[in-house]
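Read through the structure below, which is laid out as structure tokens, and then see the notes.
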There are 2 protein chains.
Amino acid sequence: MRPTLQTVADAVGVSRSTVSNAYSRPDQLSTDLRDRILSAARDLGYAGPNPTARSLRRGRAGAIGVLFTTGLSYAFSDPYAVQFLRGLAESVERHDTGMLLIPMSNTDEEASARAVADAVVDGFCVYCVPEWHASLAAMRDRQLPVVTTEIRDDHRGDEIQVGIAERPAMAAAARHLHALGHRDVAVLIADMAPATAAGPLRVDSPDAIRYYVDRERAHGVAEVFPWAEVTLINAAGNSRGAGAAAAAHVLDRAERPTAILACSDVLALGALDAVAARGLRAGADISVTGFDDVPEAARAGLTSVRQPSVSKGALAGELLLENKRETADRRVLLPTELIVRASTGPAPSRS
Amino acid sequence: MRPTLQTVADAVGVSRSTVSNAYSRPDQLSTDLRDRILSAARDLGYAGPNPTARSLRRGRAGAIGVLFTTGLSYAFSDPYAVQFLRGLAESVERHDTGMLLIPMSNTDEEASARAVADAVVDGFCVYCVPEWHASLAAMRDRQLPVVTTEIRDDHRGDEIQVGIAERPAMAAAARHLHALGHRDVAVLIADMAPATAAGPLRVDSPDAIRYYVDRERAHGVAEVFPWAEVTLINAAGNSRGAGAAAAAHVLDRAERPTAILACSDVLALGALDAVAARGLRAGADISVTGFDDVPEAARAGLTSVRQPSVSKGALAGELLLENKRETADRRVLLPTELIVRASTGPAPSRS
DNA sequence: CTCGCGTACTGTATCGATACAGAGGAACTG
DNA sequence: CAGTTCCTCTGTATCGATACAGTACGCGAG
């Protein structure tokens, strides 16, 4: 059997409490005794206080759970998500806390829900999880502090929210295109559950879009362009390849839109790939906008809606772990800004 | 006080064990009683069995710790790392296990070491952590199963290893360049501790390179080109920007090398950026090779050494969590392949 | 000499569950 | 009707630590 605190205590001839103090509260005992205890522990091959037992007794897990969309794969391949994670990691680390990644499977929601129920954590951070996902219910059952990256009016309970005003942010991109003379535009979204086929989609209203963020952004477009005249394009996932494939569907049509508003830079970059593959010139033959303003967008000359990424994550972690949680703002709205680059230009005249 | 199993048991008038069974072993009691228990639990606001307590009693944390290089930031921005993580996540998930990310701070190694010591996990996966990092010692103290992504002859203890033959893999790229007539080449590495300045570096032998993987790859180059004639370039980190900045140092020299062998695609792509920024043509004026063969490499026409990414992660998870750990191979060597694209071509004749 | 006080260590209760042996009773067997 | 088996449920021991109140003792002050 592996040694425990008691094993060490017996070996040195002191009480278990004292050995515990040797590790966790060095000021509670003489240096001499402490050294004797630690060296005895080494001799016995004692691995140090068991973190699980410590967590139980202390009532603190020392980690937060991060609920991530879509089997991790897309999440990680979006530079925006990566930056968010990085900010989160940094602030979480400052609080001597870890990050337990909990991927949200689309194929087996129950597995994800189980993972949430079993997670040894002190709180949760929800990033881009569709509202209907079973794991969210499991998370609420835990009754732990939660921070989400969406600002919603219909938000449940007392979740902390850190996010942007999705609708006006996207509307800014739409207005930009409208001012350039575009009248026939398409919106490119990533279906978060790969149930719907890739390609053009007919929905009567933005409200029919299942995932909140995309829905709000579509509403932003609808503030500028009559929704009935907007083409909605569904991508098979939030990846560059999926964006290219989805964009291809409308680029090959006789009457193609003069502009595409993508709900993420990753999708937009994919659209640019598809545009280039057809020998079209982005910003001239067709305009494309993205969302997030990831570093890659600057390299590609993509017009995009910038939103803070790293600081969004950092703030989420901060608010979640701050103990003076009562006083702090439970809802933080971050600024956005439209960055205009070469991928948008005047609408081509109809031939 | 929050309700516990006992609270629910008292409310229903059964024993604590029975309530526990209602959650964890439904077959042990009648459906009728189970329903009564679960509904009573709901009424009482019982959040379900406490995962920490469960972990302690079961002797299983239900998570593995992932030790990641350099404050998470670079790790996540390398698509290769992301793919590895994805594979790892998938296999870990199959075992009903979670992933606790443990970022390795370079500025505060002790903080990382503490995070490792306190992590509630059943094992560790080490990805790209420099061997001198304090957290590795802390990890070994835990005496838990470990899998690393490096195949080393001098490996300690009984770590499981999943990796590639670094030296011959890189040598293949070097031979490819040699066959194209290149004689003056540079090796681009990412210093894992940002102690050394970016730019050309003089070291007597590849052995002086601190980080194992880079060291081995440099040895691979040295198998083909006399080391004394190879220029070593240090980048400030494993990022595209750092790669570009480092490459710039030698591109602007009067006698620039005719080829650059980068130790990662991210660095190589940065080098390509620097090449393009100077109006040079990759594959003609200068050749560039990468390592990993990430999707981006194909788009950029980058010659690269392909290594399995997703399956490397998946295999690491599998070997770590498989319970028949005794019989399984504790050391798995994965294949690599040189993928030749447009970024390499014949050496330009000296003018 | 007694009181007060700080330092160094001890002992017990407790964190919240699961494992496992076993009890009680119904049903089936011969 | 005793014997066996199965199904439900119970009770106690236990996982490995930390919290906290308390003891013992040395030492300076009044």
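Naming convention: chains lettered A, B, ... in sequence-line order (proteins, then strands); numbering from 1 in each chain.
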Evaluation steps, side chain to side chain contact (heavy atoms under 4.5 Å, CB included), between A/L100 and A/I64: CA-CA 6 Å; A/L100 184 73; A/I64 64 164; over 6 Å; no
Go through the steps to decide whether A/I151 and A/I164 satisfy the test side chain to side chain contact (heavy atoms under 4.5 Å, CB included), and finish with yes or no. CA-CA 7 Å; A/I151 306 262; A/I164 59 171; over 6 Å; no
Does A/R152 qualify as a cation-pi partner of A/Y212, given the criterion of NZ or CZ under 6.0 Å from the six-membered ring centre and within 45 degrees of its axis?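 Geometry flag: set, cation within 6.0 Å and 45°.
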Rounded interatomic separation in angstrom, taking CG from A/D27 and P from C/dA8: 10 Å
Measure CZ/B/R34 against C1'/D/dC7 and give the value in whole Å, please. 17 Å
In degrees rounded to 10°, what angle is found between the helical axes fit to the five outermost pairs at each end of the helix from C/dC1-D/dG30 to C/dG30-D/dC1?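 Answer rounded to 10°: the end axes differ by 50°.
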Test: side chain to side chain donor-acceptor pair (under 3.5 Å). Region: residues 18-45 of chain A. Which pairs qualify, not counting sequence neighbours? A/S15-A/T18, A/S24-A/R54
Minimum side-chain heavy-atom gap [X]-[Y] below 4.5 Å:
{"X": "B/P130", "Y": "B/R210", "result": "no"}
{"X": "A/V146", "Y": "A/I160", "result": "no"}
{"X": "B/V213", "Y": "B/C128", "result": "no"}

Report which part of the nucleic acid A/T18 touches: base, sugar-phosphate, or nothing (heavy-atom distance under 4.0 Å, all strands). base
Tell me, for nucleotides 11-21 of chain C in 5' to 3' order, what letter each nucleotide earns: B for a base near a protein heavy atom under 4.0 Å, S for only sugar-phosphate near one, - for neither? BBBBBBBBB--
Closest heavy-atom pair and its distance - B/S55, B/A61: OG-O, 3.6 Å
